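Naming convention: chains lettered A, B, ... in sequence-line order (proteins, then strands); numbering from 1 in each chain. All values below were derived from every heavy atom in this structure, side-chain atoms included, with hydrogens, water molecules and symmetry-related copies excluded. Treat the numbers as computed from the prediction; the structure is a model and nothing was measured.
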Amino acid sequence: MSSDVTSAGRVDGEAGAPAGRVDGEAGVSRPASTARARVIGGTLSLFASELLTLFRRRRTWALLGALALIPILIAVAIRIAGDAPSGRGPAFLGQITENGLFVGITAMVVATPLFLPLTIGVVAGDTIAGEASHGTLRYLLIAPAGRIRLLAVKYAATAVFCAAATLTVVVVGTLIGWALFPVGPVTLLSGATVSVGEGLVRFLAIAAYVTVSMLGMSAIGLFLSTLTTVPVGAMAATAILAVVAQIMGALPQLEWLHPWLFTEYWLGFADLLRQPPVWDSFADNALLQAGYLVVFGALAVSRMVTKDVLS
Amino acid sequence: MTDGSPAGTGMAGDAAVGDATTISTAPATDLAIETYGLTKRFRSQVAVDGVDLAVPRGAVFGFLGPNGSGKTTTIRLLLGLVAASAGGARVLGADMPRHVDSVLPRVGALVEGPAFSPYLSGVANLRRFDAADRHAPHRTRSARVDEALDRVGLSHAGRKKVHAYSLGMKQRLGIANALLMRRELLVLDEPTNGLDPQGTREVRALIRSLADDGTTVFVSSHLLAEVEQVCSHVGVMSAGRLVAQGTLEEFRAAGEARVLVQTPDAAAARHVLARFGLDVDGDGGGAVVAAHFASTDVAPEAIVAALVADGVRVRGFEVERASLEQRFVELTGEGFDVVQ
Ligand SMILES: Nc1ncnc2c1ncn2[C@@H]1O[C@H](COP(=O)(O)OP(=O)(O)OP(=O)(O)O)[C@@H](O)[C@H]1O
Ligand SMILES: [Mg+2]
């Protein structure tokens with residue numbers, strides 16, 4: 001009897017082997033839907049386990065805690081020292097004393113260039129290299145997790161962390177702003193005013209924007225992570241690339257390159273604070289990040305399926 | 001196998017647990033592991049060099065060899081962790097690494113020591129590896145994890161974080177991981193490394209009981225006494241090459257055997273032994289006469305009868321088979337230095 005094991009493996013179509021060949025073995029197939037359901041169910045189960053592992057780790061909470069400190073520091077500093085002279089400091093800083101809801105947005109402006117890529121670089125760079133350094137990569141692969149499936153699940157978990165990171169900044173910022181400052185209808189960049197409720201929805205949209213912004217860099221981190229068994233190397237390289245890309249983005253001499261930099265639209269989320277909101281930069285950003293995901297995802301896959309696991 | 005598992009859950013109820021033996025992709029073969037010309041090169045060095053393994057189903061195969069002789073690398077090749085430079089391997093009847101997805105759920109393994117996420121508990125680590133196997137039913141996960149921990153004597157330490165485990169506890173947890181599902185093949189790379197005497201005995205008993213259930217066990221070890229006690233087959237690696245393999249009996253028989261006669265009549269005994277064509281050791285002048293017992297068609301009892309008939313006062317008679325250790329040293333050399 002041919003097995004459902006085999007048929008599941010075939011429908012999967014996963015190049016789970018270094019050779020990367022497609023399993024062409026003939027077998028009596030079970031209904032494809034059942035096999036596919038098992039593949040999906042198994043993948044969800046692995047994804048759930050991966051999330052559990054990520055969020056059970058003290059380091060993950062330390063990273064999120066560090067991000068939460070940014071809005072807290074901003075709010076407390078302004079509360080104690082009063083308003084900054086207008087025109088200085090990060091965007092939106094001046095609005096905070098009038099409307100505490102702006103703490104979250106100010107913190108996002110502060111976190112996006114460095115702190116956010118740093119924390120996300122830690123998680124993305126750790127994906128495969130961290131498992132390799134613990135030796136758990138070999139046990140995941142002989143379980144067998146499937147090389148591509150493992151990669152996909154690792155990336156998805158990193159994306160969840162990106163969302164958690166940006167939400168931490170926005171939510172903690174909004175809460176502390178609410179606690180320390182007066183809160184009222186939100187004055188947008190265009191001068192229009194929207195209700196507190198709509199203002200909060202816009203802030204969530206900004207969190208989504210920044211999450212999407214980080215997906216390309218996460219793919220880069222994932223790829224770098226497949227290259228080494230030293231996670232710190234992949235983490236540092238990812239964060240350095242984010243900084244380098246932003247420096248190049250600031251050099252007018254490299255203007256031709258700017259549209260291709262994954263950091264190009266990172267601070268473009270202010271467009272969501274116009275009335276009506278301008279979604280162009282969101283769309284451009286999403287397309288660019290998707291491009292990075294495709295390219296570096298493909299690189300990561302090709303590296304992963306041919307990789308000798310010797311750790 | 002049921003086809004009735006609810007679509008969408010994907011966790012087909014009884015998948016691969018109760019009836020592991022029926023899920024064979026094999027065109028009938030009686031070999032659990034078969035390699036042909038299996039070769040792995042690391043840059044200039046050949047770590048595994050043209051290995052032709054044949055491990056029969058149901059065997060307990062002891063995989064021996066000095067440090068650096070290529071045992072772990074061979075195991076990595078068998079499990080599809082590394083790609084062969086030349087040659088190939090069939091595991092449970094299917095080509096590796098092409099069929100990793102269908103073969104590995106039926107294989108439990110410990111490769112080059114256990115490895116776990118130190119910040120998770122023993123239980124959480126096992127659940128994680130189990131979740132990575134999509135043929136391992138979610139429904140029975142907790143029960144299977146508990147049972148595996150119980151089997152290796154860790155049921156009281158399962159909730160402890162792995163970074164707080166001792167060497168032997170990690171080793172036990174690694175073995176538990178290999179036992180999460182009923183397997184057709186177990187590949188254990190030095191399973192008793194770091195275990196206490198009780199743990200070692202327990203692993204020996206475990207291997208025996210698994211083998212009794214029909215599981216094929218492929219176990220690499222340096223403890224020859226262990227191997228001698230549990231293995232039915234033996235293979236010896238030396239500097240990347242498989243220099244011998246066969247049943248334990250064949251293996252021993254190929255080595256030196258000696259006849260030892262304890263007698264005050266040494267000269268007469270020597271005479272009788274020589275008559276049987278045995279190569280008698282030089283005159284030690286002692287009470288024990290030793291002779292090489294190469295030819296297997298001489299029955300020991302015939303020798304005793306002849307000795308007695310010639311009036312030799314036999315106080316002791318022994319046929320001493322070569323120990324596995326002697327045979328091992330014969331095959332792999334006396335040298336202590338790692339060869340490559
Ligand atoms: N990642 C690697 N890169 C280069 N050479 C390697 C690598 N891993 C192993 N080797 C070499 O391959 C050879 C075989 O190593 P292997 O780990 O298979 O030995 P072993 O028989 O398992 O030894 P031990 O008894 O010490 O566990 C050794 O000479 C080793 O130096
Ligand atoms: Mg080894």
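For the atom pair A/R149 CZ and B/R134 CZ, the distance stands at 5.0 Å (nearest 0.5 Å).
For B/L79, the parts lying near chain A are the backbone and the side chain together; criterion is any non-hydrogen pair under 4.5 Å. In this structure, chain A has no heavy atom under 4.5 Å from any part of B/K161. Interface remark: B/N177 contributes side-chain atoms only to the contact with chain A (heavy atom separation under 4.5 Å). Heavy atoms closer than 4.5 Å to chain A are found nowhere in B/L180, neither backbone nor side chain.
For B/L81 against A/L141, the heavy-atom pair with the smallest separation is CD2-CB, 3.9 Å. Between B/D133 and A/P144, the shortest heavy-atom distance links the atoms OD1-CD, 4.0 Å. Shown here for A/I142 and B/A109, the closest heavy-atom pair between the two residues is CD1-CB, 3.7 Å. The two residues A/Y139 and B/A115 make their nearest non-hydrogen contact at CE1-N, 3.5 Å. When every heavy atom of A/G146 is checked against every heavy atom of B/D101, the shortest pair comes out as CA-OD1, 4.3 Å. Nearest heavy atoms, A/V309 versus B/V82: O-CG1, 3.7 Å.
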Worksheet item: Checking side-chain contact (heavy atoms from CB on, under 4.5 Å) for the pair A/S45/B/R141: CA distance, chi angles, key distance, verdict?
Response: CA-CA 11 Å; A/S45 175; B/R141 184 160 298 148; 3.5 Å; yes
Discussion item. Checking A/R147 against B/V100 for the side-chain contact (heavy atoms from CB on, under 4.5 Å) test, could you report, in this order, the C-alpha distance in whole Å, the side-chain angles of both residues, the deciding distance, and whether it holds?
Written reply: CA-CA 10 Å; A/R147 294 184 181 223; B/V100 276; over 6 Å; no
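Atom CZ of A/F115 has 12 or fewer neighbouring heavy atoms from other residues, nucleotides or ligands inside a 6.0 Å radius.
Between A/L310 and B/F42 there is a side-chain heavy-atom pair separated by less than 4.5 Å. Side-chain contact between A/L52 and B/R127: absent, with no pair of heavy atoms (C-beta onward) separated by less than 4.5 Å.
Judged by distance alone, the side chain of B/R128 and the main-chain N or O of A/S49 form no donor-acceptor pair under 3.5 Å. Counting only distance, with no hydrogens or angles, the side chain of A/R56 and the backbone of B/A124 share no donor-acceptor pair below 3.5 Å.
Among B/G174, B/A84, B/G108, B/P118, the residue making the largest number of heavy-atom pairs under 4.5 Å with chain A is B/P118.
Using a 4.5 Å cut-off between non-hydrogen atoms, the part of residues 123-137 of chain A that approaches chain B consists of A/E131, A/H134, A/G135, A/T136. The contact list for residues 151-161 of chain A toward chain B, using heavy atoms and a distance under 4.5 Å, reads A/K154 by residue number.
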